[in-house]
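Single-structure report; data block below.
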Amino acid sequence: TVLVCLGVGMYTMLGATTLQSSRGTMSRDPIQMSTYPAMSFQRTCHRAHGEATKRLTGTPRKGPRVMTANAFVPGVTRLKVTDPKYQQLPECPDILWNTEDIQIDEIPTRVDAIFPAKLNADSLGISPMSNPESELESISANKEKILDMLKQHGAVHIEGLQVSGDVDGYKQVLSKLGFNACKDPLAARKSLDNEVKRVVPNNAGLGLHHDRSDYAPRNNLYDEVIEPPKMPQYSAFVCFQPACEGGEFRILDGQRMVRELDRDVLKRLYDRQIRSAEVYGLWLPQPAFNVITGWAIKVLPEDFKWKWKSFINPTFKTRSFWKAPPEGWSDISSPPQILTDIWRFEVLLEKFSPINRHPDTGDVVWFNNIHLWEGDKVQWKAKFKNSLGARSKAVYADGEDIPQEDLDHIVELTEKNEVKILMKQGDIVLVDNYRTLHGREGFRNSGSQTRLHAVTFGTDFNKS
């Protein structure tokens, strides 16, 4: 086991070094740089897939794949953002929990028929001939209307604006709305002009989730102090340039989700509570050596008191066990690395409630990232999906696995109710994070067109 882990770790680190060093040869697109000189741009490259990987994951993704150095450093969690202007922003607030004595049978079944609320230029009194100044005046005049719709429906899609097609104009729109920005809950995304945060480049799809500091278990494994999870109450998403293909913005009404979920499933989740777990193996779903690599990168340089006692924060629960090889392991068409899937190591984080009460309305809402974690399974072929599983998953608070049929029901209902928005340049989607989950579809860029979206996190809106 030790030899296999060491070999996997060396392979992982060498692959990371090779891919990161190759970035120095990539050139920036001069058109993009001249169009948005203040922005950091995604760079693309192609990665060859071996035959064994093809057999495991199916047909490789076509088109350019977006790469970043951070994506190949296993176990890296929170990056320090040291820009002075960024540090002047208020901290992202702790999540407001109100989960005691929720009566599942008393949750209403009636749902909001309008989600998200939509506003176009005409409804805001903006004509096609309006200049940026008049657009901003219209936003200011309609501020109360926009915020009332956000409170009532949980998300507002504003389309047809020209002024928000670049960074400065977008910031002016948020200013007219009185949007109070705060720090990123993960503190892991580089700032864009110190206030607008650039979404981590990745052209794969992203499941429905909340931007919480415990967004994924791997983000918290190396925290010296286990703090209460943080989350901004509001987020503003903007499109500066759509993808060449795909990349739809996905949102889900958490109020509707709770009201339509099977009551027996909801009762089991609420009564037993849940934990998020990070899952490792000899090789799959991710090498256990990643824990050591992450410790060496994140913890070893720091003065953490516990670093010589454990590779992760010792407060977290851990478990390891042997398992039967996945179904289909003996098939001659299966890749050889499938034979290593006989051992698992799991790190279980703090327990929490899968539902919560909205801090303003008191409505019970769906409040977890189960769909995001389950979505990680799509990287495997169908016959390996449930046996290999995801790199992150949800379990009951006592550590018992949630029945797969319950997880399948959650995923099915989530994808039935999600709304996909193909955002155009200048489109803004305002989101109440306590009620609305968000994600994105996979996308493809081209040599002349790269998906450029950004998100700003906020605590509240100025009333005046």
Side-chain angles (χ1 to χ4, degrees), residues 28-42 83 85-86 88-89 116-150 153 155-182 189-199 232 234-244 247-249 251 421-432 448-464:
R28 296 170 181 255
D29 187 327
I31 298 178
Q32 294 170 354
M33 290 303 295
S34 61
T35 306
Y36 299 103
M39 300 183 64
S40 299
F41 288 90
Q42 303 172 3
D83 188 286
K85 287 187 67 178
Y86 177 83
Q88 292 174 9
L89 291 174
K118 292 186 179 181
L119 288 171
N120 56 32
D122 288 341
S123 62
L124 294 172
I126 299 172
S127 70
M129 304 303 294
S130 297
N131 57 33
E133 289 74 19
S134 61
E135 286 194 10
L136 291 171
E137 290 174 4
S138 296
I139 292 292
S140 182
N142 286 277
K143 173 184 173 180
E144 186 174 343
K145 173 183 176 180
I146 294 170
L147 298 186
D148 284 346
M149 295 176 76
L150 178 60
H153 302 290
V156 178
H157 176 202
I158 305 174
E159 55 184 345
L161 298 182
Q162 302 296 320
V163 65
S164 50
D166 59 41
V167 175
D168 289 337
Y170 165 62
K171 288 170 61 178
Q172 291 181 65
V173 170
L174 295 189
S175 177
K176 292 296 183 182
L177 291 173
F179 189 93
N180 292 317
C182 68
R189 297 170 184 168
K190 292 183 178 180
S191 64
L192 180 68
D193 203 8
N194 304 309
E195 294 181 9
V196 184
K197 311 299 184 303
R198 181 168 62 91
V199 174
Y234 299 101
S235 293
F237 296 85
V238 63
C239 172
F240 295 126
Q241 183 169 272
C244 176
E248 293 89 348
F249 185 58
I251 52 175
I421 304 173
L422 187 58
M423 296 175 68
K424 300 180 290 295
Q425 183 175 1
D427 281 9
I428 295 175
V429 179
L430 300 175
V431 165
D432 178 340
S448 59
Q449 185 169 338
T450 299
R451 185 181 189 270
L452 296 172
H453 284 223
V455 55
T456 308
F457 304 108
T459 55
D460 54 14
F461 293 86
N462 293 328
K463 300 302 180 184
S464 59

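This one's a predicted model, so the numbers in the text were calculated from it and none came from an experiment.
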Drop me the distance from [X]'s [atom1] to [Y]'s [atom2], to the nearest 0.5 angstrom.
{"X": "Leu147", "Y": "Lys145", "atom1": "CG", "atom2": "NZ", "value": "12.5 Å"}
{"X": "Leu430", "Y": "Leu150", "atom1": "CG", "atom2": "CG", "value": "6.0 Å"}
{"X": "Met423", "Y": "Phe240", "atom1": "CE", "atom2": "CZ", "value": "9.5 Å"}
{"X": "Glu137", "Y": "Ser130", "atom1": "CD", "atom2": "OG", "value": "9.5 Å"}
{"X": "Phe237", "Y": "Thr456", "atom1": "CZ", "atom2": "OG1", "value": "9.5 Å"}
{"X": "Met149", "Y": "Ser123", "atom1": "CE", "atom2": "OG", "value": "7.5 Å"}

Side-chain donor/acceptor of [X] to backbone N/O of [Y], under 3.5 Å:
{"X": "Ser138", "Y": "Ser134", "value": "yes"}
{"X": "Arg451", "Y": "Gly247", "value": "yes"}
{"X": "Gln425", "Y": "Gly165", "value": "yes"}

For this session: Evaluate the side-chain proximity of Tyr170 to Asp168: yes if any heavy-atom separation is below 4.5 Å, no if none is.
Result: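 No; the side chains remain at least 4.5 Å from each other.
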- Query: Are Lys143 and Lys176 close enough that some pair of their side-chain heavy atoms sits under 4.5 Å apart?
  - Reply: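 No. Closest side-chain heavy atoms not under 4.5 Å.
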Over all heavy atoms of both residues, which pair between [X] and [Y] is shortest? Give the atoms and the distance, please.
{"X": "His157", "Y": "Pro116", "result": "CB-CG, 4.4 Å"}
{"X": "Cys182", "Y": "Pro232", "result": "SG-CB, 4.0 Å"}
{"X": "Gln449", "Y": "Pro242", "result": "NE2-O, 3.0 Å"}
{"X": "Ser164", "Y": "Val238", "result": "O-CG2, 3.8 Å"}
{"X": "Ile126", "Y": "Glu135", "result": "CG2-CG, 3.6 Å"}
{"X": "Ile428", "Y": "Val173", "result": "CD1-CG1, 3.8 Å"}

* To do: Would you please classify the geometry between the Phe461 ring and the Tyr234 ring as parallel, tilted or perpendicular, with 30° and 60° separating the classes?
  =>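 Tyr234 vs Phe461 ring planes: perpendicular.
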From the list Asp148, Asn142, Ile146, side chain to side chain contact (heavy atoms under 4.5 Å, CB included) partner of Glu144 resolves to Asp148
Side chain to side chain contact (heavy atoms under 4.5 Å, CB included) partner of Glu159, the single match among Ile421, Val429, Asn120 |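 The option that passes is Asn120.
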Next item on the list: Carefully, step by step, assess Ile158 and Asp427 under the rule side chain to side chain contact (heavy atoms under 4.5 Å, CB included).
Entry: CA-CA 6 Å; Ile158 305 174; Asp427 281 9; over 6 Å; no
**Item:** Criterion side chain to side chain contact (heavy atoms under 4.5 Å, CB included) on Leu124 and Asp122, from CA distance to verdict
**Value:** CA-CA 5 Å; Leu124 294 172; Asp122 288 341; over 6 Å; no
